Every structure is written in structure tokens, then in C-alpha cells.
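Note sheet for the following structure.
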Amino acid sequence: MLDPKLIRATPEVVAAAMRRRHKTLDLDVLITLESRRREALTKAETLKAERNAVSGQIADLKKRKEDATGHIEAMRRVGEEIKALDIEANAAEEEFMGLLMAIPNLPDDSVPDGADAEDNIVVRTWGEPALPDFPARPHWEIGGALGLLDWERAAKIAQARFSLFVGQGARLERAIQSFMLTLHTEQHGYTEVAPPFLVAPESLRASGQLPKFEEDLFRLREGLYLSPTSEVQLTNLHRDEIFDAGTLPRYYTAYSPCFRAEAGSAGQESRGLIRQHQFDKVEMYKFVAPETSADELETLVANAEDVLQGLGLPYRVVLLCAGDMGFSALKTYDLEVWMPGMGKYVEISSCSNCGDFQARRGQIRYRREPGGKPELVHTLNGSGLAIGRTWAAVAENYQQADGTIRVPDALQAFMGTAVIG
RNA sequence: GGAGGGGUGGCCGAGCGGUUGAAGGCGGCGGUCUUGAAAACCGUUGAUGGUUCCAACCAUCCGGGGGUUCGAAUCCCUCCCCCUCCGCCA
């Protein structure tokens, strides 16, 4: 959520930012609502001050057993007026907040202009996007041939776009997960958490999925949602809390399955592990002081790159343009891994600095010094990495001419073998 | 799921419907004392919004929401959470 004061004080800045995002926004409606709210609020507060004073007098009169009916009658009318003004102020605020909650974050100055993925900028490349000296197969063929993936049974158990890993395939999933969590906790200073996989609507509001993107989520009859990413759980780990001075930054990592309805994505990437209703992910998350968040984003990306480098998977780092960024982010780098079987780079991690956008929604604050005023923190999140896509990348990059998969050195201890198949 | 108990300031814990933002204690901060520290004593110690413009003033907040009342932490309704016992269960 943007700072409401920003809309009042510098609407032109907000308008310019929305243009960069290629979004339209009627600021006049917001400004009108805000002045309506303030007008009613000021009037109501004046009347409340009067009521408080007179109520004190009424108490005194009653204590002395004197007549107070005149005051009481007057305050009854004032009370009705206050009620009407409160309703007016609340209605205006509710409408204002409803609109404000649907406004995306402001892009950072360092984010390039652009409308869509075409305008993203490749900032660096690691490794060679090479093809083997035999016909490279996509991971679903490799996995299917070795009996590591079973799409028919996955669809029977659930429905299309769910996956079933079998035998060494399932073991590879677990190995990748363990490798990542071990790396982040032992080398990068993250605290591991194992969160709930169901989340409350309030949590989804804080991280930014609600109210705008409900159709992308699975909702349970009980009112809870299946989490689409543990970014939600990690954002809400410290919702409504104030960090003591000197306790930032805080780094967290979590494994969780992620559930996405993928509404409107029919026909896209329908084969393989790339686009599923459920996938596993290891997430990295940071709560930091505002002035450090730009640097923290760079190290977050580096932590994600470490996973790919550790696995020996070629990739490139892409800086998203303003029009291609997610709702809550002010700056985002995507990591795209090379998939020789698919013959292209595929997104495998997205690392974002959300600034105070989520912190304001979730009231996540810190004190700069003991006894100081609470200030909003900055939050950052990054996949470290999407496990299903990592599985696919390992299969495609380590496939061998005989149809087997060589296990990357870093995973051999977790797999207990050097070759799959 | 059933029965009962409970949710008050950073923490513990009082609170006849009327100066209760809220006693008391702990913790924190400042000061006195001390070579320094401890102890003791004194003072201080929340958030949000608004007016105003930086010093004040006002309003709101005692789990969330709604209601009764001139006035609610205190009464009523509802939801959430926690604890105990029973049932069920990995």
C-alpha cells in the first residue's frame, strides 16, 4: 500500500509512476474521498470534544444531585450528529482504502521504462547456454522415460497441472530442497522456518495478493486460502510487530508448497513442470532498515545465484522493466535458467524489493534507536529457488546420451547416488 | 465437536457506567547519591489520526466488529484467539 499522504501531497508523482507501470488511475476520485473524510472527521472530533466536556459537567451535576436534563437533551442531539459524521467519514475512508489497496507499488528510479517482458534488461549471464552433442530432450521426456514423473496418475489423483514424482524423481525433489535450505541457513545467514500452508485473508492482504488477485488463489470453504508462495507466510511472520532497535536485518528462509489457480493460463506451457497448480519452493525473505534495502536486494539476488552456481546451471539475471513488475515490488530481478531441452531460458527465481509497501499493509515497523518512533521496515523476497523448475533444469542440463541423468556434485550427498536411471 | 475459564499499556496485574490512557508492580529511560557500580529515592515512560505548524491542542484506541447510553475498559449481541477437562485424531 502506498502512503496515503503521498496521494494528497504529491499526486503528480503517483500519476507518473502509474504511467510507467502502464496503469491508469483516477487520482481525483481519491483526493475527493480524502477531503470528504477529513472534513467529516474534523467536524466529528470538534463535536466529540464538546460532548466530552459536557458529559463531565453532567457527571458533576448528578454528583451534586442537581438537574442535568437540559445538557442531556442537548448531548443526545449532538450524539446523533456525531453518529452521522462518523458514518460519513468511515464510508469515505473505506472507499478510499479500497481503491488504495488496489494501487501497485511505485517503481524505483533505477527500474527501466518498458511495457512488458520485451523491455526487460539482461544485466549479466553466468555459464554457457550450451546444447549437448546429442539431441537434447525436454525434462518431461527424460523424466517420463526414467519413470521419475507420472502425469497420468497425477491427474487421476488430483487433476491436470498437478505433478507426481516417483522414486529417484521424488528423491531429487527432496535433495534439491535440502540443498537449498542448507545453503541459505549455513552460508547465507537465513533462519529456517516451517510455516503453515494455509493462510488467512488478512495475511494475503498484507503481502499484496488480496484484494486484487483473488482469482489466482485456491480458497477453502472455511475461508482460508492455500498459500500461493511462502512470501505470504514470511511477510506475516512479523505482522503488527515493532522490531527493537538493533534487531534488523532479519533473514528468513522457508520451504513450502505453493498453490496457484493459474486462472487464464490455459494453453501456456502446458507440458512439464513449468506451470503447475502446485509446486514446491524455497523462499528467502528479509526485513531490513529502509536505507539498506537497495543493497539487500543485490545480496538477495546473489544468494539465489549461489544456488544455480552451486548446481552448475547456466543462467542470466534480468532486471524487470516498470511495466513487467509484480504488484508489490518497486524493483525486481528475475533469474532465468538455461533449459537445453526446451531450448530457452526459463524464469526460476524472482527477487524483489517491496520497500515499505508490504510493511505498511502489515504494520511491520522498527525503532531506529531505543525509545524512538516506530518506522516502517522494508521487505524483500526472492525464490531460492522454485524446486520444480530446478528439477527440470537439472534433468535437462545433466541429461546424458544414454538417457540417464548425472547428479550434480552438490546434490550427490543428498541423493546418495551419482547417476539417476 | 462438547463443557467451563479467560483476553487490559513492553511484561505482570487492578478496574461501583461519569477527569481511567487507565491503580499497583516489573522492565526501560533520565536524575540525585557514589571513585565507579549496585541499592535507595525522585521523575519519566504507548500507538494512530486531525488541527496547527513543531510547541501545543483535540479525537480515537483496554482481542475484532456492532449495539444500548448524555457518557462504555466497565452493560448487551456477534466473531476471533488462548487456557483447562471430555470426545475425536496424525
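Computed over heavy atoms, backbone and side chain alike; hydrogens, waters and symmetry mates excluded. Proteins come first, then strands; the chains are lettered A, B, ... in the order of their sequence lines, and each starts at number 1. A quick note: this is a predicted structure, and the numbers were derived from the prediction, not measured.
- Ionic pairing of Glu291(A) and Arg368(A) is present here: one or more N-O contacts between side-chain nitrogen and carboxylate oxygen are shorter than 4.0 angstrom.
- Of all nucleotides listed (G49(B), C58(B), C70(B)), G49(B) comes nearest to the side chain of Lys5(A).
- The separation of G28(B) from A14(B), taken at their C1' atoms, amounts to 22 Å, rounded to a whole angstrom.
- Separating the C1' atom of C85(B) from that of C12(B) is a span of 26 Å, rounded to the nearest Å.
- Put simply, Arg38(A) has no side-chain N or O that comes within less than 4.0 Å of OP1 or OP2 on G50(B).
- Nucleotide U48(B) holds its C1' atom 13 Å from the CG atom of Asp3(A), rounded to whole Å.
- A salt bridge is absent between Arg260(A) and Glu262(A); no separation between the charged side-chain nitrogens and carboxylate oxygens falls under 4.0 Å.
- Among the atoms of the strands shown, only primed sugar atoms or phosphate atoms (P, OP1, OP2) are found under 4.0 Å from some heavy atom of Leu41(A).
- For the pairing with Phe179(A), the side-chain contact (heavy atoms from CB on, under 4.5 Å) check across Thr390(A), Leu411(A), Val282(A), Ile387(A) returns one residue only, Leu411(A).
- A distance of about 15 Å separates the P atoms of U20(B) and A59(B), rounded to the whole Å.
- Asn52(A) comes within contact range of the sugar-phosphate backbone alone, with a heavy-atom separation under 4.0 Å but no base atom that close.
- For the P atom pair drawn from C89(B) and G5(B), the interatomic distance equals 28 Å after rounding to whole Å.
- Looking at the side chain of Lys83(A), the nearest of the listed nucleotides C58(B), C70(B), U68(B) is U68(B).
- Across the C1' atoms, A23(B) and U19(B) are found 15 Å apart, a figure rounded to whole Å.
- If Lys62(A) and Ala53(A) are placed on RNA chain B by their nearest nucleotide, the residue sitting closer to the 5' end is Lys62(A).
- Screening Leu172(A), Leu164(A), Ile405(A) for a side-chain contact (heavy atoms from CB on, under 4.5 Å) with Leu148(A), the sole residue that qualifies is Ile405(A).
- In this structure, Arg51(A) reaches the sugar-phosphate backbone alone: every heavy-atom distance under 4.0 Å involves primed, P, OP1 or OP2 atoms, never a base.
- Proximity of Arg365(A) to the phosphate of U48(B): a side-chain N or O atom is located under 4.0 Å from OP1 or OP2.
- For Lys373(A), the side-chain atoms get nearest to A47(B) when compared with the rest of C70(B), A47(B), G50(B).
- Contact between the side-chain N/O atoms of Arg8(A) and the OP1/OP2 oxygens of G50(B) is found at a separation under 4.0 Å.
- Distances shorter than 4.0 Å separate none of the side-chain N or O atoms of Lys43(A) from OP1 or OP2 on G50(B).
- Lys43(A) has a carboxylate O that lies under 4.0 Å from a charged side-chain N of Glu39(A), or vice versa, which qualifies the two as a salt bridge.
- Comparing U45(B) with G24(B), their C1' atoms are spaced 16 Å from each other, to the whole Å.
- Salt bridge Glu375(A)/Arg365(A): absent, no basic N to carboxylate O contact under 4.0 Å.
- Residue Lys48(A) has no polar side-chain atom (N or O) positioned under 4.0 Å from OP1 or OP2 of U51(B).
- Remark: the separation of the P atoms in G63(B) and G15(B) is 15 Å, to the nearest Å.
- The separation between Asp240(A) atom CG and C80(B) atom P is 19 Å, rounded to whole Å.
- In this structure, Asp324(A) does not pair ionically with Arg21(A), as no charged nitrogen and carboxylate oxygen lie closer than 4.0 Å.
- Using a cut-off of 4.0 Å between Lys/Arg side-chain N and Asp/Glu carboxylate O, Glu80(A) and Lys83(A) are scored as not salt-bridged.
- Both Ile242(A) and Ala59(A) lie near RNA chain B, and the one whose nearest nucleotide falls closer to the 5' end is Ala59(A).
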Under a cut-off of 3.5 Å for both distances of each Watson-Crick or G-U pair, what dot-bracket string does RNA chain B give, using [ ] for crossing pairs and | for inter-strand pairs?
((((((((.[[[..)..(.....]]]((((((.......))))))((((((....)))))).[[[[[..)....]]]]])))))))....
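- Taking atom P in both G17(B) and C75(B), one finds a spacing of 7 Å when rounded to whole Å.
- Rounding to whole angstrom units, CG of residue Asp86(A) and P of G71(B) are separated by 12 Å.
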